[in-house]
Student: 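My structure is below; once you've seen it, I'll send some questions.
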Amino acid sequence: MSILVVGLNHKSAPVEIREKLAFDTNSISTALSMFLQKYQNAEAVILSTCNRVEIYVSSLEDSIKVEDVLSFLADFHRIELNYLSQYMYHYKDDRAVVHLFFVTSSLDSMVLGESQILSQVKEAYMMASMQEATGKVMNQLFQQALNVAKIVHTSTSIGKGKVSISSVAVEFAEKIFQDFTGKIVLVVGAGEMCELLLKHLYEEGSRTFIVANRTFERAQELANEYHGQAIKYELLNEYLTKADIIISSTSAPHYVIHANQVKDAIKHRRGNPMFLIDIAVPRDIEPDVANIHNVYLYNIDDLQSVVNQNADERTREVEKCRAIIEEEVEHFMAKLEEMKIEPAITHLRNHFHTIGKEELDRLKPKIKNLDNGDWEQVVYTMERTINKLLHHPAKVAKQEAKNGGGYRYVETIKKLFGIFHHHHTDHPKQ
Amino acid sequence: MIIITHIPFIISIILYFVSSVLFIGYIIKPSFFNKKIAKWTMVMGFFVHSGFLIFLGLESGNIPITNVYESFVSLLWCVLFVYINLDYLYKIPSLDTFLIPLITALSIWALTFDGNNLLITISLGNFWLIAHIIPIFIGYAAFTISFSLSVMYLTQQRQLKLKLFGSLFNKLPSLERIDNLMWKTISLGFPLLTIGLVFGAFWVKTQNVLGEAWYLDYKVILGLATWLVYAALLHMRLIASFHGTKIACLTIAGFCLVLFTFIGTFFMGSKHAFQNVSEQTNTEILNVQ
């Protein structure tokens, strides 16, 4: 029973390679069934996201090697093996477990502590499990990985604090406005950053967008995407009064929104707050705007510094997460060792009971004066004796196996009692 | 003697104090302080406080407003009562951190009126008295809460302006939400204050409790001033739809006036149906004790 992971991620491979190796839902199920056809009695899970492709494999007594998995992947995606393998990493047994726990807890993610990976791992596991590609080992491994990730996320601050400019901006807006449904968002400039922010605001319930841009067509394009309204750039001043949230990111070399304009706007708004985000460099909004009552202005540096602060906070939590994961890996490895010895113990038990039954069969014709009730008592006593004899060694063997070296005990049991089991039969898929 | 009878109130002050420390601690270090414990400590304080008022009422056979101290304790009870109900209805995050320390401070202040020898001069079984006092007390309670909300508003505003994005910033609700709640509490308090004042006016006219020159009583004058401030506030909000800082500042001014009307007038010599226990009755009371 060994665990192996072979894969690549955003650190080991550029996007050109990652996209070549990526699986979609259909190809995952094809690949899984092909793999299982080739390696019967193996278990496998394929995890494929935009930042990583990994295949987790469990086999009995190390029958599947790294090279096997690599060549399977190369064949499946029709990539040259040597070319592929330079981007791949692989881990075995406890290191593979550590890796999966790290990945699931999002310590290996591009954005530390992001929560999406948890559901991606869950989905990958569900998919494999529906294909009956998982067995005892993978079930245990992935269920524990998901559990560990939950523990890590709830007992540390790894996932706390927003770590992108747009999410921080939305978080600020949430400290000014109760909800975004009735709020008017004015977008000045139609750059990529604006679009990201719009998307975020839309997700939070914002529905009224006004877009102003030097080139009207681009404004219209962006406005259409979010069912907004495009306006002529010259009309900006008129719409300033109506806007609750203003996002500006033009490439203009001078200020686009001036303090006196905002002062006029706020007078009409009677103290209703205005939230301005200036993500342009050079800045679009005159800095004096920040001094007006009920007006809140943030520029790209303000947002970036919060992002950095939160990212640092997350990095500081990594050690805490690592400690939790190490402990959980230890638990898992102990469970794995215990699982290794279970079939041997079952065999031993069957072996004893077979001998017992044989002896009873030999005895039965020899005794004539026993009625059925008495015979049952004899059978019962025999079974009870066997169970009692086996109880202690089985318990101790399991316990000792937990500390590692489960195989050693399996071998000892086999040798001592002369039993040989074929793993083809005692590795039931669950 | 006095000390012993007031032990329950002292206990509730201690509970309020502990709860304040826990609430503030929760803002500073959430991993160390438990908000639930803080809340339950506050509720326990409220129960002891309630028990104390019931005890006072049973002892004297009247509603516990027979002297300045009792009135103050009753008013504070109203504040908590209104707060607990509002919190149940609206789930106002972090208001407790602002309100409970205020209640603790006011409770300690109330304790200093313990020996005050101003006693109420009118019979307490009077319908008019109840109709005058209870709406005003609950109205004042609502204003106390709107005051805390205003402080919260200005705090959050300051943090937004100065870009102080710490733990307090994260825990306070949005400006708009605080603004709405401020408005809700004021619009609860104002009609009650109005009813209380109207009943008071009827009472004064029909039964002549404050004497001929009732309109010169400081409490009457300041009560009207308070009413005007809140009326102006409502006007600004309803008719001119004002929001934000101005409303918050006016709410704070309104509360200062409430506090001054309630307590300050006693220092100015206004009795408002309370009377200094004369030396003669004083010795009588001493003899009884």
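Order of the sequence lines fixes the chain letters, A, B, ..., with proteins taken first and strands second; residue numbering starts at 1 for each chain.
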Student: Donor-acceptor pair, A/Glu286 side chain versus A/Asp288 backbone, under 3.5 Å?
Tutor: no
Student: Go through the side-chain N and O atoms of A/Asn308 and A/Gln304 and say whether any donor and acceptor fall under 3.5 Å apart.
Tutor: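 Note: A/Asn308 and A/Gln304 side chains meet the donor-acceptor criterion.
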Student: So, are A/Lys183 and A/Glu204 salt-bridged, with charged N and O less than 4.0 Å apart?
Tutor: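 No salt bridge links A/Lys183 with A/Glu204.
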Student: Below 4.5 Å from any heavy atom of chain B, which atoms of A/Ile266 appear? Answer side chain, backbone, both or neither.
Tutor: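 No part of A/Ile266 comes within 4.5 Å of chain B.
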Student: Kindly say whether the aromatic ring centers of B/Phe255 and B/Phe143 come within a distance under 6.0 Å.
Tutor: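 No; B/Phe143 has its ring centre 6.0 Å or more from that of B/Phe255.
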Student: Other residues, nucleotides and ligands only: do more than 12 of their heavy atoms fall within 6.0 Å of CZ on B/Phe169?
Tutor: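 Yes, because the 6.0 Å sphere around CZ of B/Phe169 holds more than 12 heavy atoms from other groups.
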Student: Is there a side-chain contact between A/Val152 and A/Lys320 (heavy atoms, below 4.5 Å)?
Tutor: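 In short, these two side chains do not touch, never coming nearer than 4.5 Å.
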Student: Hey, does the side chain of A/Asp278 reach the backbone of A/Asp284 with a donor-acceptor pair shorter than 3.5 angstrom?
Tutor: yes
Student: For B/Ser174 and B/Arg177, indicate whether the former's side chain and the latter's backbone hold a donor-acceptor pair under 3.5 Å.
Tutor: yes
Student: Can you tell which part of B/Leu172 gets under 4.5 Å to a heavy atom of chain A, answering side chain, backbone, both or neither?
Tutor: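 For B/Leu172, backbone heavy atoms alone lie under 4.5 Å from chain A.
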Student: Just by distance, do the side chain of A/Arg322 and the backbone of A/Glu326 share a donor-acceptor pair under 3.5 Å?
Tutor: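 A pair under 3.5 Å: no.
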Student: Any donor-acceptor pair under 3.5 Å linking the side chain of A/Ser106 with the backbone of A/Ser115?
Tutor: no
Student: Has A/Arg207 got a side-chain atom pairing as donor or acceptor with A/Tyr202's backbone, closer than 3.5 angstrom?
Tutor: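 At least one qualifying donor-acceptor pair exists.
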Student: Can you tell which part of B/Asp179 gets under 4.5 Å to a heavy atom of chain A, answering side chain, backbone, both or neither?
Tutor: neither
Student: Under 4.0 Å between a side-chain nitrogen and a carboxylate oxygen: does that hold for A/Glu317 and A/Arg314?
Tutor: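 Salt bridge between A/Glu317 and A/Arg314, a charged N being under 4.0 Å from a carboxylate O: no.
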Student: Measuring only between side-chain heavy atoms, which start at C-beta, is A/Gln144 closer than 4.5 Å to A/Val148?
Tutor: yes
Student: I need the contact set between residues 95-104 of chain B and chain A: heavy-atom distance under 4.5 Å, sorted by residue number.
Tutor: none
Student: State, yes or no, whether a side-chain contact exists between A/Ile277 and A/Met193 at a heavy-atom distance under 4.5 Å.
Tutor: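 No - every pair of side-chain heavy atoms lies 4.5 Å or more apart.
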Student: Non-hydrogen contacts under 4.5 angstrom with chain A: give the residues of residues 150-168 of chain B involved, or none if there are none.
Tutor: B/Tyr153, B/Gln156, B/Gln157, B/Leu160, B/Lys161, B/Lys163, B/Phe165
Student: Strictly less than 4.5 Å between heavy atoms, which residues of residues 163-182 of chain A line up against chain B? Please order them by number.
Tutor: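 A/Phe172, A/Glu174, A/Lys175, A/Ile176, A/Phe177, A/Gln178, A/Asp179, listed by number.
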Student: Determine the interplanar angle of the B/Phe262 and B/Phe72 rings, folded into 0 to 90°, and report it as parallel if under 30°, tilted if 30 to 60°, perpendicular if over 60°.
Tutor: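 Aromatic pair B/Phe262/B/Phe72 classed perpendicular.
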Student: Mark yes or no: B/Lys171 above the aromatic ring of B/Tyr26, with NZ or CZ under 6.0 Å from the six-membered ring centre and no more than 45 degrees from the axis.
Tutor: yes
Student: Would you confirm whether A/Thr104, through its side chain, and A/Phe101, through its main-chain N or O, come within 3.5 Å as a donor-acceptor pair?
Tutor: no
Student: State, yes or no, whether a side-chain contact exists between B/Leu257 and B/Leu222 at a heavy-atom distance under 4.5 Å.
Tutor: yes
Student: Among residues 241-260 of chain A, which residues come closer than 4.5 Å to chain B, judged by heavy atom distances?
Tutor: none
